[in-house]
**Q** 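First the structure, which I've put down as structure tokens, then a few questions once you've had a look.
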Amino acid sequence: MSITLDQVTKRYQGSPVVNDVSLDIGDGEFFVLLGPSGSGKSTLLRAIAGLSGVDHGRISLHGRDVTHLSAKERGVGLVFQNYALFRHMTVADNIEFALRVRRVKAADRRKRRQELLRLVALEGMDERMPAQLSGGQQQRVAVARALAHKPEVLLLDEPFGALDAKIREELRRTIRQVQRELKISTVLVTHDQEEAFALADRIGVMNLGRLLEVGKPQELYASPATRFVATFLGAANLILARQTKDGIRFGKTPVSAPAPGPLHGAREHEVVAVVRPEEVEIAQTREDLTSNYLTRGTLEELVFTGALERLRIRIDDGPDAPPLSNSNGSGPALLEVTRTQHEQRAFEIETGQDVAIGVRRVHILPTPLSSFTACATSESLAEALVQQPLLTELASRMKTRVSLRVEPKLGMPNADCETPLVFSGTTVIASHSEVAYQAQWLLQRGAEEILVLPQNAGAPQRVLIHWADESVRRATLAVSASILRHVSAEAIYIGILPTHTPAAQRPHGMRALLDARSEAQAVHGLEMRTELRFGDVSNELVRQLAELPGQMLILGIRGNKDLAERFGSLFADAHWPVLIVHREHEGPSA
Amino acid sequence: MATLKQPTALKQPSVLPGFGLTFGFTTFFLCAVVLIPLAALVLMTASMTWHDFVKVVFSARALGSYRLSFGASFLAATINLVFGFIIAWTLVRYEFPGRKAIDALIDMPFALPTAVSGIALTTVFAENGWIGQYLVVWGIKVAYTWIGVTVALTLIGLPFAVRSVQPALLEVQRDLEDAAETLGAGRFYIFRRIILPTVLPALLTGFTLAFARAVGEYGSVIFIAGNLPLKTEITPLLIVIRLEEFDYKGAAALGFVMLVISFAFLLMINLLQAWGRKRLTSRVR
């Protein structure tokens with residue numbers, strides 16, 4: 001491995017900008033770090049270069065631990081977005097800079113310089129000043145300069161950002177060629193997914209300081225594991241589907257799609273399906289479709305963009321209509337479709353036309369969190385709950401919807417639900433003194449995830465994770481990973497042993513802790529820290545939560561009988577949000 | 001193409017009208033305030049005989065005053081160059097409480113009447129002053145020596161040095177230093193090869209302004225200098241003394257010499273700067 005990052009964390013004013021990133025980059029690999037601005041990708045690159053230190057974790061280059069070495073000692077090649085050429089020096093002096101610092105003889109310097117200029121196709125430009133070169137040429141000089149001292153690693157920070165489209169393409173090709181020729185391990189940072197696809201051997205997608213997914217471009221595009229990657233790498237329609245014993249269904253329509261995992265429990269539950277715009281087929285009638293029928297809809301918008309035609313289709317309302325996940329607040333969302341010239345010729349349509357919609361390929365996200373349902377005893381209370389900052393933030397970041405549900409008898413023992421429907425997705429209830437009983441009531445009626453929200457809770461900075469039963473470990477970790485992908489917070493697993501645990505048993509506790517951590521990383525891509533406590537579970541958690549503001553608890557439990565008794569003190573007028581993950585019996589581990 | 005044939009003086013180089021008017025005012029004010037008084041100075045000097053001129057200009061007292069005026073000014077400007085750079089660096093690169101206040105404080109010497117700063121410095125640096133009493137122990141006398149003159153000239157020149165370098169330092173991209181560091185350069189190397197060349201023109205400007213201001217300074221120096229002929233007497237003071245003796249021609253001759261030396265010096269620095277700029281940008285196709 002040429003670059004190894006191990007739990008690298010960098011905080012800025014207390015909040016993590018790079019959050020527990022672990023990554024291995026192979027020899028000669030072209031790795032692209034992709035993410036929106038502010039996702040921490042540039043900070044991570046600077047940390048690898050040694051220009052900014054890390055608060056936690058280790059960085060190795062070719063097996064050498066460089067965590068505490070300065071940029072000067074690491075000697076990586078770094079290329080900046082704005083070239084950062086020394087404007088008072090000629091091209092030759094710029095390229096020879098690293099060699100001059102190392103007191104290389106003039107003749108050797110000249111030889112190396114000419115080699116590099118040939119490599120970046122700038123022969124004969126030696127005596128020019130940077131100001132006399134075009135942007136593309138300046139960036140080529142910057143690349144040559146970064147390579148002069150034969151670094152083991154080349155880092156590129158948005159190198160094409162300041163260039164126009166045509167030059168960008170050209171320079172991209174040059175950089176790829178240079179990289180192949182030198183077989184140098186390269187990390188490129190960009191926010192442009194097209195650039196990432198064109199260059200990368202592997203892509204790592206970052207958001208909110210976390211490295212969400214790593215994979216080959218094709219794999220990430222075809223089967224992302226997270227909502228963010230699905231929508232950031234190209235356009236995606238997120239559709240709420242149901243996983244049943246007989247397979248995946250959109251509304252009442254069955255579709256052929258591989259399920260993300262075995263169904264746990266006997267009940268069906270809600271999942272998130274990704275349908276790429278180019279995988280949607282439209283036709284006059286259902287019979288004309290060659291693919292799986294989804295529903296009918298009306299064409300709202302048609303934009304011609306050259307090779308492709310972009311359509312937006314409003315899905316017809318109806319009890320069987322599959323809900324689009326991102327229909328949030330401002331009217332129903334529209335289904336995005338792109339069609340090639342060929343498809344356009346086969347079936348010409350105009351706005352307002354009613355069409356049948358089919359899907360060619362559906363990918364089901366393995367995420368356990370699908371949508372939110374704000375549940376309260378009255379309409380106005382439920383509406384107030386929807387306005388809670390943490391809920392609106394989570395919903396908008398997860399691009400999912402929040403629906404309302406009024407249950408006048410919420411919390412009343414032995415009273416049935418108004419509508420005998422399953423509770424799908426995450427049920428949200430407001431925190432108050434009796435909330436534990438309400439939660440228990442919901443659990444007994446089939447809710448699997450319950451978010452208990454105090455007044456005005458914002459996005460947490462630390463998320464504590466604890467499960468009361470080993471059998472719900474997997475489910476709790478999956479939910480935690482899903483939540484933590486959408487908030488920029490640190491994850492801490494709290495293991496709690498009874499106070500009177502004999503000393504001989506304590507190593508066993510430590511072991512369980514480490515197992516939990518490695519499972520979180522291996523199975524869910526979640527980096528978390530672990531802490532071991534002794535005492536009563538409920539008291540320890542309350543103590544920990546009350547210590548600092550901005551914390552949230554994810555609590556995994558099994559069984560629904562004794563929530564109020566065992567964990568009542570966690571909920572009573574708490575000012576921290578608690579997400580309960582409940583599984584009656586965990587399915588066979590997949 | 002017809003527009004090209006218009007006489008250049010009538011072309012409007014800006015959206016604002018009135019080039020003729022503004023150019024007229026420019027010429028008028030330059031003449032009235034700068035050129036005509038200077039010409040009068042030259043004329044007055046020219047009415048002297050060569051012999052008288054040499055006698056006044058090369059008298060031992062005059063030579064001593066030149067040495068002090070230009071020497072102390074040069075020394076003060078050099079001190080300002082170094083410390084002005086450090087102050088500007090601190091203000092630009094670091095965030096600390098009171099940064100804005102210190103930034104504002106830099107301009108104080110601009111606003112203070114020079115006599116006030118002169119008296120204040122004398123009080124502090126006199127042999128029984130707050131600072132002077134400790135320096136005396138070490139055998140250093142500041143007030144009433146050339147050192148005092150230099151201190152006064154440093155004070156009044158400081159804002160010029162700081163304010164010239166500050167914008168240039170703001171422009172030095174952090175990326176340049178980062179790039180140099182990844183290429184293996186140490187701190188001193190980065191300073192010498194990257195930062196210094198980039199801010200050099202601004203440093204020279206600051207030096208020039210501080211020097212020019214120091215050469216012309218009168219008010220603050222006369223209080224701290226002691227004004228001993230041959231030792232602590234600056235040229236502007238000598239000119240005032242000549243004027244008080246009604247020796248207008250002698251005063252004019254001394255003024256003329258100052259004018260020539262200052263002009264030569266400023267011209268030299270300007271040429272140096274032009275040469276530096278040329279190195280950066282001139283070879284543009």
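All of these numbers come straight from a predicted model, not from anything done at the bench. Just so it is clear: chains get the letters A, B, ... in the order the sequence lines come, proteins before strands, and each one is counted from 1.
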**Q** May I ask you to test the B:Leu183-A:Val101 pair for a side-chain heavy-atom distance under 4.5 Å?
**A**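 No; the side chains remain at least 4.5 Å from each other.
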
**Q** Might you confirm whether atom CZ of B:Phe25 has over 12 heavy atoms from other residues, nucleotides or ligands at distances under 6.0 Å?
**A**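 No, CZ of B:Phe25 has 12 or fewer neighbouring heavy atoms, counting only those of other groups under 6.0 Å.
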
**Q** If you round to the nearest 0.5 Å, how far is CZ of B:Arg187 from NZ of A:Lys72?
**A**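 So the gap between those two atoms works out to 9.5 Å.
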
**Q** So for atom CZ, which belongs to B:Arg67, do other residues, nucleotides or ligands contribute more than 12 heavy atoms lying within a distance under 6.0 Å?
**A**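 No, because the 6.0 Å sphere around CZ of B:Arg67 holds 12 heavy atoms or fewer from other groups.
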
**Q** Shorter than 4.5 Å, heavy atoms on both sides: which option in A:Leu99, A:Asn82, A:Leu78 has the most such pairs with chain B?
**A**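 Answer, by heavy-atom pair count under 4.5 Å with chain B: A:Asn82.
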
**Q** Surrounding CZ of A:Arg110 (heavy atoms of other residues, nucleotides or ligands, distance under 6.0 Å), is the total greater than 12?
**A**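 Atom CZ in A:Arg110 is not crowded, with 12 or fewer foreign heavy atoms closer than 6.0 Å.
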
**Q** Checking A:Arg74 against chain B: side chain, backbone, both or neither under 4.5 Å from a heavy atom?
**A**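 Neither part.
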
**Q** More than 12 non-hydrogen atoms from neighbouring residues, nucleotides or ligands closer than 6.0 Å to CE on B:Met108, yes or no?
**A**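 Not buried by this count: 12 neighbours or fewer within 6.0 Å.
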
**Q** Take a 6.0 Å sphere around NE2 of A:His68 and say whether it holds more than 12 heavy atoms from other residues, nucleotides or ligands.
**A**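 Counting other residues, nucleotides and ligands, NE2 of A:His68 stays at 12 neighbours or fewer.
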
**Q** Please report the interatomic distance CD1(B:Ile194) to CZ(A:Phe86), rounded to the nearest 0.5 Å.
**A**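 CZ of A:Phe86 is found 3.5 Å from CD1 of B:Ile194.
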
**Q** Counting only heavy atoms not in B:Phe74 (residues, nucleotides, ligands), do more than 12 fall under 6.0 Å from its CZ?
**A**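 For B:Phe74, atom CZ is not crowded (no more than 12 foreign heavy atoms under 6.0 Å).
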
**Q** Assess the residue pair A:His88 and B:Thr198 against the criterion (side-chain contact (heavy atoms from CB on, under 4.5 Å)); give the C-alpha distance rounded to whole Å, side-chain angles, the decisive distance to 0.1 Å, and a yes or no.
**A** CA-CA 7 Å; A:His88 57 281; B:Thr198 318; 4.1 Å; yes

**Q** At a heavy-atom separation under 4.5 Å, does A:Leu85 approach chain B through its side chain, its backbone, both, or neither?
**A**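 The answer is the backbone of A:Leu85.
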
**Q** Using heavy-atom distances under 4.5 Å, tell me whether A:Arg145 contacts chain B through its side chain, its backbone, both, or neither.
**A**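 Looking at A:Arg145, backbone and side chain both touch chain B.
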
**Q** Please classify the contact between A:Ala148 and chain B as side chain, backbone, both or neither, with a heavy-atom cut-off of under 4.5 Å.
**A**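 When you check distances to chain B, no heavy atom of A:Ala148 falls under 4.5 Å.
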
**Q** Would the number of heavy atoms belonging to other residues, nucleotides or ligands and lying under 6.0 Å from CZ of B:Phe188 be above 12?
**A**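 It does not: B:Phe188 CZ has 12 such atoms or fewer within range.
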
